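From a predicted model like this one, the values you see are computed outputs, not experimental measurements.
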Amino acid sequence: MIKYVLENNILTQKEPNDRYARVVEVRTRTQEDLAQAVADRNMGISKPEVLAMLEAQAEIIERWVSDGDAVLTRTVHIHPTVPGVYKEGEYPSQAVVRATPTKELSEAIKHTPLQHTEPISPIRIEFVHDIPSNTTNDKITRGGTAKIKGHSLKIAGTDPSVGIEFISIEDPEAIYKVAAKNILINNPSELMIIAPQMVVNEEVIVRVTTQYSPGTSLKKPRSYTFERKLKVVTIQNE
């Protein structure tokens, strides 16, 4: 089931009734999730073994595509291409990678039922990527940088609740707020932060509260709590 909401189409402002469909409740699946799902199929392969295989696969695909080869899997066709238009005497300097869904994947999504739903809150977090550990929706390094991706996340407003907080699972009263100076990127679709000093090995969730809204400022702040648990780790050699 794919859920979606209908929103105003800002590209056709002359037609006020135009809408576009935005998919909601999207979970970003990571390589960790894929490895766990394969291991859960009880084929005698452990999650670390699957991760090692996926890592080897990724390295091989990168090498093949860098050598000018195309790669066809069950779900995607990956191939290098050189974009642009060049006049005589001009030459391209860089190639790019294109990924095209295969017929099997395209057919699978065509047959997936759609469900229209009403938006509960325009603000949302899609995933949290911890840069020092290079993990997504898994770890958060205290004192390290992290990216929070989503929608309408920009931190704005004067209400005391506005900001980014990490909340302890074990003790919900333990709340670690990100200092304003440690918000390095503050965009609606992306926040980059320096994570606060938290207790190593505890699990936390992240909450974003803001009065931001495109083109205006909300009187009352709104919050979004990302329910994926993040394990607090420390920077190596700290």
Should [X] and [Y] be counted in the same cluster of Ile, Leu, Val, Met, Phe, Trp and Tyr side chains packed under 4.5 Å apart?
X      : Y      : answer
Ile193 : Val162 : yes
Ile185 : Leu191 : no
Val206 : Met198 : yes
Phe226 : Val208 : yes

Do other residues, nucleotides or ligands put more than 12 heavy atoms under 6.0 Å from Leu114 CG? yes
With a 6.0 Å cut-off (strictly less than), is the heavy-atom count around CD of Gln115, excluding the residue itself, greater than 12? yes
Test side chain to side chain contact (heavy atoms under 4.5 Å, CB included) applied to Asn182 and Ile164, step by step: CA-CA 10 Å; Asn182 289 335; Ile164 306 164; over 6 Å; no
Under 3.5 Å, is there a donor-acceptor pair between the [X] and [Y] side chains?
X      : Y      : result
Thr102 : His77  : no
Asp130 : Thr135 : no
Ser161 : Asp159 : yes

Is it true that [X] and [Y] have a side-chain N and a carboxylate O under 4.0 angstrom from each other?
X      : Y      : value
Lys110 : Glu107 : yes
Arg207 : Glu165 : yes
Lys47  : Glu49  : no
Glu203 : Lys231 : no

State, with a plain yes or no, whether a side-chain heavy atom of [X] is found less than 4.5 Å away from one of [Y].
X      : Y      : answer
Leu153 : Ser189 : no
Gln31  : Leu51  : yes
Met192 : Ile131 : yes
Leu54  : Leu34  : yes
Val96  : Thr81  : yes

What is the minimum heavy-atom distance between [X] and [Y], and which atoms define it?
X      : Y      : answer
Ile155 : Thr209 : CD1-O, 3.9 Å
Ile205 : Arg228 : CG2-O, 3.8 Å
Gly163 : Lys177 : CA-CE, 4.0 Å
Thr210 : Lys154 : OG1-O, 2.5 Å
Ala146 : Ile140 : CB-CD1, 3.6 Å
Gln94  : Val82  : O-CG1, 4.1 Å

Test log, rule side chain to side chain contact (heavy atoms under 4.5 Å, CB included), inputs Val76 and Thr100: CA-CA 6 Å; Val76 66; Thr100 307; 5.8 Å; no
Show, in sequence, the C-alpha distance, side-chain angles and deciding distance for Glu59 and Trp64, and conclude whether the side chain to side chain contact (heavy atoms under 4.5 Å, CB included) test is met. CA-CA 9 Å; Glu59 291 176 359; Trp64 282 349; over 6 Å; no
Walk me through whether Arg142 and Thr234 qualify under side chain to side chain contact (heavy atoms under 4.5 Å, CB included). CA-CA 6 Å; Arg142 68 174 188 175; Thr234 185; 4.0 Å; yes
